[in-house]
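What you see below is based on every heavy atom in this structure, not just the backbone, and it leaves out hydrogens, waters and symmetry mates.
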Amino acid sequence: TCSNREFLKTIQNTILKKLSIAGNIYKENDKKFKLMYFRKSDIPKLLSKIYYDPTSIMLLRKYNIYAKCYLKCSKAS
């Protein structure tokens, strides 16, 4: 989530170019945009790049949300 749509567009294009994962940007309101990815098969690929080092600095709240989704997707496979 970000107020700068162009910043999210840059992230979206970088992820698409480097990982071949397509995301979508949604406008929640005039000052809030969200970059989202939906394919279950893309989640582990994206998470492995975001959380490649478990000792690195991260937003634990965000990590827990993604980890919960990752575990759910892994069990469904």
Side-chain angles (χ1 to χ4, degrees):
T1 305
C2 183
S3 62
N4 187 331
R5 188 181 191 289
E6 290 306 311
F7 176 71
L8 290 179
K9 188 71 175 163
T10 300
I11 293 172
Q12 178 188 35
N13 289 337
T14 301
I15 291 171
L16 181 60
K17 183 178 179 179
K18 293 186 179 250
L19 301 175
S20 300
I21 299 174
N24 293 304
I25 297 175
Y26 295 94
K27 183 176 181 178
E28 291 189 1
N29 60 45
D30 288 340
K31 297 180 183 179
K32 188 176 178 183
F33 298 91
K34 186 178 276 193
L35 176 57
M36 299 182 73
Y37 295 87
F38 294 101
R39 289 185 12 203
K40 288 182 182 181
S41 61
D42 290 340
I43 293 172
K45 190 175 182 181
L46 186 57
L47 286 177
S48 69
K49 297 298 182 185
I50 294 173
Y51 300 112
Y52 63 93
D53 180 2
T55 63
S56 67
I57 296 171
M58 64 179 78
L59 297 172
L60 191 55
R61 180 179 62 85
K62 296 287 188 179
Y63 173 77
N64 289 337
I65 292 168
Y66 286 118
K68 181 179 177 182
C69 183
Y70 170 72
L71 293 175
K72 181 180 177 183
C73 292
S74 294
K75 290 176 185 175
S77 297

Could you pull out every donor-acceptor pair under 3.5 Å between side chains of residues 43-50 and any protein atom, sequence neighbours left out?
from: K45; atom 1: NZ; to: L19; atom 2: O; distance (Å): 2.7
from: S48; atom 1: OG; to: P44; atom 2: O; distance (Å): 3.3
from: S48; atom 1: OG; to: K45; atom 2: O; distance (Å): 2.8

Listing, residues 58-65 side-chain donor-acceptor contacts under 3.5 Å, not counting sequence neighbours, or none:
from: N64; atom 1: ND2; to: L60; atom 2: O; distance (Å): 3.3

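With sequence neighbours excluded, no residue satisfies side chain to side chain donor-acceptor pair (under 3.5 Å) with S56. The salt bridge (charged side-chain N to carboxylate O under 4.0 Å, His left out) search around R5 returns none, not counting sequence neighbours. Among residues two or more places apart in sequence or in another chain, the side-chain contact (heavy atoms from CB on, under 4.5 Å) test is passed with Y26 by N24, M36, F38. By the salt bridge (charged side-chain N to carboxylate O under 4.0 Å, His left out) test, E28 is found to be paired with K32, K34, residues two or more places apart in sequence or in another chain being considered. The side-chain contact (heavy atoms from CB on, under 4.5 Å) search around D30 returns K27, not counting sequence neighbours.
Nearest heavy atom pair, residue I15 against residue Y37, reads CD1-OH, 3.4 Å.
Note on I25: it clusters hydrophobically with I11, by side-chain heavy-atom contacts below 4.5 Å among ILVMFWY residues.
Every pair passing side-chain hydrogen bond (donor to acceptor under 3.5 Å, both in side chains) that includes a residue from residues 7-20 is listed here, sequence neighbours excluded: K9-Q12.
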